Amino acid sequence: MRGFPYNGRMSVFSNIREIAAATFGLDGHMKRRKYRTMSGNANVYEIIYDDGNPVRVMNVRGTYQSATYLEEDCYELVFGYHRAYNAMFQAEGAPAAGELVANRRPGARKPSDLIAPGRGNAGQGNSGHGNAGQGRSGHAPGGFRIERVAMLGGGGFSYPKYLVAHYPHISVDVVEIDPMVVAIAERWFYLDRLMAEFDTEENGRLGVHVADARDFLETCSGGYDAIVNDCFAARVPVMSLATVEAARTIHARLNPGGLYLTNVISALRGPRAKLLHSVMATLQREFAHVHVLPGSEGLPRLVDNYVVVATDGDYEFAHSIYVEPDPGTQFLVDARVPEYEDEFFLIDT
């Protein structure tokens, strides 16, 4: 579908129907809400997260699609793989926490580390398969700086909110195919608060585009320093963004030295790692360097979030993981994209 820009002045939330309001959530603060999205029914409710803090989640078909801390902490990141996206700032040679807005609210959670702790194979270096080891600071030649970011897949706008709230020099274009999801983000995930507090309609720092991500990439002007892909329908990735043709389009929309970061749910090795190997093999056909970063601590044969970073910049990233190449891995093309659920990926946990 061809998209249209989202106009926060006329909330699409007012034009959609809430189809259920059932049991009370955490301590009765909000009711469990159910909405019909393009990916299936989405339930919005509150839980106590692993860190002991209350969070609001969007659960689509049994999968947490997004999460937010509440009130004064609403611009902080809940999920580890979102924190892994901050590795993009290592291309600047500057810590991700170093450019916070001066008037950040009292009591707000301290920004997390650049990425979640991982099981990196330090010192293995670049094997020629596109993986990077640890070492250099990652200073970009010519003073590369992250200033313009495209986020593919809005969900609850967790990472776009974080960027706008913490990095005053960054502008973000968010591409979300489902207007219902944008509406949920506005109503329950503090998107409306962010837009008002940081005056994004006036300064243009947040663009919201209701569109298919591949269509958007093929028609936008580009000029991005980083493109982040978090497009999923429940736990199923958008495979049209995983092909060589898509990688070529993404590459063309990046500035020189720019980075493409994509969330991959896969194992690190073994038969369940086929998706990760396919994504890497595909991106290596278009980019000079491909890195794998952990989204959380986990056993290498368990399915988990990994962030794959593709770039032409000669950067290295803390906690980068060496992935043993699989010579039988096929790269993906538009004419040959397997269904995610079939045995090619073996993703059942």
Side-chain angles (χ1 to χ4, degrees), residues 46-60 62-70 73-91 95-98 100 108-122 131-132 134 138 146 149 151-163 165-167 189-190 226 228-232 234-235 237 259-269 272-273 275-276 279 291-309 317-323 347 349:
E46 292 171 8
I47 64 171
I48 297 296
Y49 195 57
D50 295 345
D51 61 6
N53 290 294
V55 300
R56 186 171 297 152
V57 298
M58 185 193 314
N59 186 317
V60 180
T63 300
Y64 287 154
Q65 202 80 0
S66 195
T68 182
Y69 291 113
L70 306 182
D73 290 344
C74 66
Y75 302 140
E76 306 305 324
L77 298 173
V78 177
F79 295 147
Y81 80 90
H82 283 154
R83 294 191 290 273
Y85 292 151
N86 281 351
M88 71 173 73
F89 295 106
Q90 293 183 45
L100 298 182
R109 193 169 277 96
K110 182 180 179 180
S112 306
D113 293 336
L114 288 176
I115 62 174
R119 302 169 61 87
N121 298 334
N131 293 284
Q134 295 172 313
I146 304 291
V149 177
M151 183 83 197
L152 310 180
F157 281 64
S158 297
Y159 198 63
K161 287 188 307 178
Y162 174 84
L163 289 177
H166 291 71
Y167 295 89
F189 290 82
Y190 302 98
V228 182
N229 177 11
D230 198 14
C231 285
F232 284 82
R235 69 196 300 258
L259 305 97
Y260 173 58
L261 304 93
T262 181
N263 177 25
V264 178
I265 299 177
S266 175
L268 188 61
R269 58 180 66 102
R272 294 180 176 178
L275 177 58
L276 179 63
V279 169
H291 310 259
V292 177
L293 306 178
S296 64
E297 287 188 328
L299 298 175
R301 290 185 179 273
L302 296 181
V303 174
D304 205 346
N305 294 89
Y306 293 93
V307 173
V308 178
V309 183
F317 300 96
H319 303 287
S320 180
I321 301 169
Y322 173 73
V323 178
I347 51 91
T349 57

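It should be emphasised that the depicted structure is a prediction, and the values quoted were computed from it without experimental measurement.
Side-chain contact between V149 and L163 is present, with at least one heavy-atom pair separated by less than 4.5 Å. Using a 4.5 Å cut-off on side-chain heavy atoms (C-beta onward), V78 and S158 make no contact. You'll find the side chain of Y190 reaches within 4.5 Å of the side chain of R56, heavy atoms only. Between F232 and N263 there is a side-chain heavy-atom pair separated by less than 4.5 Å. Annotation: side chain of V309 is in contact with side chain of F317 (closest heavy-atom distance under 4.5 Å). Here the side chains of L268 and V323 are in contact, with some heavy-atom distance below 4.5 Å. Side chains of E46 and P54 form no contact here, defined as non-hydrogen atoms less than 4.5 Å apart. Between Y159 and N86, the closest side-chain pair of non-hydrogen atoms falls below 4.5 Å.
Between Y64 and F79, the angle of the ring planes stays under 30°, which puts this pair in the parallel group of the 30/60° scheme. Ring orientation note: the planes of Y85 and H82 are tilted relative to one another, at an angle of 30° to 60°.
For the residue pair A226 and I146, the shortest heavy atom distance occurs at CB-CD1, 4.3 Å. A pairwise comparison of heavy atoms in L293 and A84 identifies CD1-O, 4.2 Å as the closest pair. Across all their heavy atoms, Y162 and E76 have their closest contact at CE1-OE1, 4.4 Å. Taking both residues in full, the closest heavy atoms of K161 and C74 are given as NZ-O, 3.1 Å, listed atom of the first, atom of the second, then distance. Considering all non-hydrogen atoms of both residues, M58 and G155 come closest at CE-C, 4.3 Å. Nearest heavy atoms, L259 versus A91: CD1-CB, 3.9 Å.
Atom-to-atom distance recorded for L276:CG and I265:CD1 is 12.0 Å, nearest 0.5 angstrom. Atom OH of Y306 sits about 15.0 Å away from atom OG1 of T262, to the nearest 0.5 Å. Separation of atoms CG (L152) and CG (D230) is listed at 9.5 Å; rounding is to 0.5 Å. Of the inter-residue distances, the one linking N229 atom CG with Y260 atom OH reads 3.5 Å to the nearest 0.5 angstrom.
The backbone N or O of N305 lies less than 3.5 Å from no partner atom in the side chain of S266, so there is not a single donor-acceptor pair.
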